[in-house]
Amino acid sequence: MSLQQELGALAVDIAQEAGALARRRREQGVSIAASKSALADIVTEADREVENLIRDRIAAARPGDGFLGEESAADEGSTGITWVVDPIDGTVNYAYGIPSYAVSIAAVSGRPEPRTWQALAGVVHAPALGELFHVVRGEGAWVGGQRLQVNGVLNPAGSLLGTGFGYDPATHAAQLELLGRVMPLARDIRRIGAASLDLAYVAAGRLDGYFERGLHPWDHAAGVLLVEEAGGVAAGAPGGAPTREMTIAGNAELVARLSAIIFADTHEDNATTPAAG
Ligand code: LIP
């Protein structure tokens, strides 16, 4: 078994246990533990409990690996492998009882920086929806036993696009202005509420494309590898990897068209919209 296969198998096993815990806690009732970057940016007790479970399982299986999670302190580790984890992506959905939430776990090599890391394996597990997307670099992207493929051509009716909005209300005007500029490419928009599921759905061909400003590394680490292994492209600023500034995903032609629209204003007026919340 190769290293990435070992990492992928461990990620699937841990995600299944973590997903079962998240689902159990949801059924028992969810309590909000705190707000973070904005009043709407909540963390539940379950987020913290699930991340602790994931962190403990990884430490037991692979002591020395680094950890970069949404709800706890980062640890660089000593092995050159870092686990990038969102214990419950789609926290607001989770708190409201909407089933579109996921455990997102990725294993990357190199520094834990989206511009430079190489994702080796990942999993996006939606326990309430009964779906587990999994990927090992070089071995394709899968949901269960079904291989994934992005939609390779532009639909004459327009593209079905996923997107999202930041927790900080101050970012909404700029994000709505951007949405208005993108709409001529779209047949419709879907706001799933969990970036890892948006990206998994692009990989599965359930969305033609996705774009969102303000994502954290743990939101997109596993989903980006799913898209790439499903024959798609994931990008940030032109020529760059997905970052907090922007995540764009889809087939190569759609990503190029979205990027040309999204970054057009940075050439015209050098205006920078507020960083998303
Ligand atoms: C969420 C993302 C979603 C985005 C939300 C939030 P969280 O992550 O998955 O796409 O629109 O603002 O960032 O906070 O649920 O882990």
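Counting starts at 1 for both ligands and their atoms, in listed order.
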S.K.: Is Thr91 reaching over with its side chain to a backbone N or O of Ile88, donor-acceptor style, under 3.5 angstrom?
M.R.: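 Side chain of Thr91 to backbone of Ile88, a donor-acceptor pair under 3.5 Å: yes, one is there.
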S.K.: Does any N/O atom on Gly90 come nearer than 3.5 Å to any N/O atom on ligand 1?
M.R.: yes
S.K.: Counting each atom of ligand 1 from 1 as listed, which ones have a heavy atom of Glu70 under 4.0 Å away?
M.R.: 14 (O), 16 (O)
S.K.: Quick check on contacts: which atoms of ligand 1 are under 4.0 angstrom from a heavy atom of Asp89?
M.R.: 1 (C), 2 (C), 7 (P), 8 (O), 9 (O), 15 (O), 16 (O)
S.K.: Should Asp198 be counted as touching ligand 1, given the test is an N or O pair under 3.5 Å?
M.R.: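 N/O-N/O distance under 3.5 Å: no.
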S.K.: Determine, considering heavy atoms only, which of Tyr101, Trp218, Tyr167, Tyr94 sits nearest to atom 7 (P) of ligand 1.
M.R.: Tyr167
S.K.: Of all residues at least two apart in sequence or in a different chain, which pass the side-chain contact (heavy atoms from CB on, under 4.5 Å) check with Thr163?
M.R.: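 Thr163 satisfies side-chain contact (heavy atoms from CB on, under 4.5 Å) with Phe165, Leu179, Ile189, Phe211 once adjacent residues are dropped.
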S.K.: Quick check: does Asp219 get an N/O under 3.5 Å from an N/O on ligand 1?
M.R.: yes
S.K.: Taking distance alone, with no angle check, do Asp41 and ligand 1 share an N/O pair under 3.5 Å?
M.R.: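 Among all N and O atoms of Asp41, none is under 3.5 Å from an N or O of ligand 1.
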S.K.: Closer than 3.5 angstrom, by distance alone: can the side chain of Asp198 be matched with the main-chain N or O of Gly162 as a donor-acceptor pair?
M.R.: no
S.K.: Answer yes or no: is there a donor N or O on one side and an acceptor on the other, between the side chain of Glu6 and the main chain of Leu3, under 3.5 Å?
M.R.: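 Not confirmed, Glu6 side chain does not pair with Leu3 backbone.
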S.K.: Would you please determine whether Arg191 falls within less than 4.0 Å of ligand 1 on a heavy-atom basis?
M.R.: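 For ligand 1, residue contact (heavy atoms, under 4.0 Å) with Arg191 is present.
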S.K.: Need the ligand 1 atom indices (1-based, order shown) with element for anything under 4.0 Å from a heavy-atom of Asp86.
M.R.: 16 (O)
S.K.: Does any N or O in the side chain of Trp142 come within less than 3.5 Å of the main-chain N or O of Glu139, such that one atom is a donor and the other an acceptor?
M.R.: yes
S.K.: Among residues at least two apart in sequence or on other chains, which ones pass side-chain hydrogen bond (donor to acceptor under 3.5 Å, both in side chains) with Thr82?
M.R.: none
S.K.: Got a donor-acceptor contact below 3.5 angstrom from the Glu229 side chain to the Gly138 backbone?
M.R.: yes
S.K.: For Gly69, does its backbone N or O pair with a side-chain atom of Ser72 as donor and acceptor, under 3.5 Å?
M.R.: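 Looks like no, no N/O pair under 3.5 Å.
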S.K.: If we only count N/O pairs under 3.5 Å, is Phe165 in contact with ligand 1?
M.R.: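 N/O-N/O distance below 3.5 Å exists for this pair.
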S.K.: Hey, is the main chain of Gly205 close enough, under 3.5 Å, to the side chain of Asn151 for a donor-acceptor pair?
M.R.: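 Here the side-chain-to-backbone pair exists.
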S.K.: Given that the side chain starts at C-beta and the backbone is N, CA, C, O, which of these parts of Asn93 lies under 4.0 Å from ligand 1, counting heavy atoms, or is it both or neither?
M.R.: neither
S.K.: Tell me whether Arg115 at atom CZ has more than 12 heavy atoms from other residues, nucleotides or ligands lying less than 6.0 Å away.
M.R.: no
S.K.: Among Glu212, His220, Gln175, which one puts a heavy atom closest to atom 4 (C) of ligand 1?
M.R.: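 The nearest heavy atom belongs to Glu212.
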S.K.: As an exercise, identify every atom of ligand 1 less than 4.0 angstrom from a heavy atom of Ala195.
M.R.: 2 (C), 3 (C), 9 (O), 10 (O)
S.K.: Give yes or no for whether the N/O distance cutoff of 3.5 Å, strictly under, is met between Gly166 and ligand 1.
M.R.: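 Checking ligand 1 against Gly166, no N or O pair falls under 3.5 Å apart.
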S.K.: Hey, which atoms in ligand 1 end up nearer than 4.0 Å to a heavy atom of Ala194?
M.R.: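 Ligand 1 atoms under the 4.0 Å threshold to Ala194: 9 (O), 10 (O).
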